[in-house]
Amino acid sequence: KNYWHLEPYNQMPPLNFPIEEIIALTFIEGMISPLEGPSFKEEFKKTVNRIRTTLPKKAREFLERAGAAYYPHVRRQKSQTSPEIFEIANKAIADKKICKVTYHAFSTGQTKTYPICPLRFLYYHNGLYLLCLLPGKDSLLTLAAERIQDLEISSEAFEIPSGLSVED
C-alpha cells in the first residue's frame, strides 16, 4: 500500500543557520539587552527566539550555555529614549526630512528648539545618539536621544552633502 500525506501549509522549512551565526546572534542579544525604549530590542528578541525554536533540543541547550558566557558590561545606563521620538526619527531618517527638535543640552542646561537633518542613530557608551546636520551646514551634530524632548517632521526634504560620509 502507498500512503500519502500533505504537509501543513503554514509550516516553514527549517532554518539552517551555522552554529557560529546563532552564537553571534546570542552575543548581540546580550549587547542590546541594556537598551530600553526602542522597539527593535523586543523585535530582535522575538526573532532570536523564533530561530531558537527551529533548532534541535541539543543545539538550544548549547546556546543557553553559550549565552551565559557573554556578559554585557554596562557601566552607566543612559536614560530611556522615548519610543515616540525613536519612531519619528526613524521615519525622518528614511524619508530624509528636516525636523524641528526641542533639545535639552546637558552642557549648558538650556532647552532650545531648532531645525535638524537627522542622518542615523548611533549606539555609543550605553546610549543612543542621533547624528544629524544643521540645515545649510556641512558639520555633523550629535544629540543624545534621551534629551530630545520633542521632534516634529516637516514636509521639507534634505540631501546629504556630496563628500560627506556618515560612516567616516
Side-chain angles (χ1 to χ4, degrees), residues 17-18 20-52 63-64 66-168:
F17 285 101
E20 295 84 8
E21 290 177 12
I22 302 289
I23 291 171
L25 285 173
T26 302
F27 178 72
I28 293 167
E29 182 181 26
M31 288 176 60
I32 69 165
S33 65
L35 288 177
E36 293 298 334
S39 61
F40 64 79
K41 174 184 174 181
E42 288 306 314
E43 299 308 319
F44 184 81
K45 289 181 93 163
K46 287 179 193 175
T47 302
V48 171
N49 286 335
R50 184 174 300 157
I51 292 169
R52 282 186 181 128
L63 281 179
E64 286 176 21
Y70 302 109
Y71 177 72
H73 178 61
V74 179
R75 295 168 74 176
R76 288 180 299 147
Q77 180 61 42
K78 297 241 179 209
S79 298
Q80 182 172 339
T81 302
S82 159
E84 293 81 20
I85 296 292
F86 186 79
E87 296 295 327
I88 293 167
N90 269 322
K91 180 165 180 32
I93 291 167
D95 297 342
K96 293 185 181 171
K97 296 289 186 178
I98 295 176
C99 294
K100 182 172 75 171
V101 65
T102 301
Y103 184 76
H104 177 77
F106 181 75
S107 60
T108 65
Q110 294 180 336
T111 300
K112 293 183 180 179
T113 300
Y114 48 92
I116 60 168
C117 303
L119 302 173
R120 296 252 170 94
F121 273 108
L122 305 170
Y123 180 67
Y124 183 71
H125 286 293
N126 304 323
L128 280 177
Y129 294 85
L130 184 59
L131 184 66
C132 48
L133 291 168
L134 294 174
K137 309 279 185 192
D138 287 345
S139 58
L140 294 172
L141 177 67
T142 306
L143 303 176
E146 76 272 6
R147 291 196 296 257
I148 297 174
Q149 296 177 351
D150 192 33
L151 190 65
E152 295 177 28
I153 299 176
S154 75
S155 59
E156 190 178 350
F158 70 90
E159 291 294 322
I160 298 173
S162 63
L164 176 68
S165 170
V166 174
E167 289 77 16
D168 290 343

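Residues: numbered from 1 along the sequence shown. Only this structure's heavy atoms are used, side chains among them; waters, hydrogens and symmetry mates stay out.
The OG1 atom of Thr113 lies 8.5 Å from the CD atom of Glu152; values are rounded to the nearest 0.5 Å. Distance CD/Glu84 to CG/Asp150: 11.0 Å, rounded to 0.5 Å. A distance of 5.0 Å separates CG of Leu134 from CG of Leu141, quoted to the nearest 0.5 Å. The distance from the CD1 atom of Ile116 to the CG atom of Leu143 is 5.5 Å, given to the nearest 0.5 Å. Within the model, atoms SG of Cys117 and CD of Glu159 stand 10.0 Å from one another, a figure rounded to the nearest 0.5 Å.
No side-chain heavy atom of Val101 sits under 4.5 Å from any side-chain heavy atom of Cys132. Using a 4.5 Å cut-off on side-chain heavy atoms (C-beta onward), Lys137 and Leu133 make no contact. Leu122 places none of its side-chain heavy atoms less than 4.5 Å from the side chain of Leu128. The shortest distance between side-chain heavy atoms of Ile153 and Ile88 falls below 4.5 Å. Here the side chains of Lys97 and Glu156 are not in contact, with every heavy-atom distance at 4.5 Å or above. Side-chain contact between Gln149 and Thr111 is present, with heavy atoms from C-beta onward closer than 4.5 Å.
Considering all non-hydrogen atoms of both residues, Cys99 and Ala92 come closest at SG-CB, 3.3 Å. Nearest heavy-atom pair across Ile93 and Leu119 is CG2-O, 3.2 Å. Across all non-hydrogen atoms, the minimal contact from Ala144 to Tyr129 is CA-CD2, 3.5 Å. Between Phe158 and Pro118, the shortest heavy-atom contact is CZ-O, 3.3 Å.
Among residue pairs with one or both ends in residues 111-132, those qualifying as salt bridge (charged side-chain N to carboxylate O under 4.0 Å, His left out) are Arg120-Glu167; sequence neighbours excluded.
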Is there a side-chain contact (heavy atoms from CB on, under 4.5 Å) between Leu130 and Ile85? Walk through the geometry before answering. CA-CA 11 Å; Leu130 184 59; Ile85 296 292; over 6 Å; no
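Between the side chain of Ser154 and the main chain of Ile98, a donor-acceptor pair closer than 3.5 Å is present. With hydrogens and angles ignored, the 3.5 Å screen pairs no side-chain donor or acceptor of Lys96 with any backbone N or O of Ala157.
In this structure, Tyr114 has its ring center no closer than 6.0 Å to that of Tyr103.
Scanning for side chain to side chain donor-acceptor pair (under 3.5 Å) contacts around Thr142 gives an empty result, with sequence neighbours left out.
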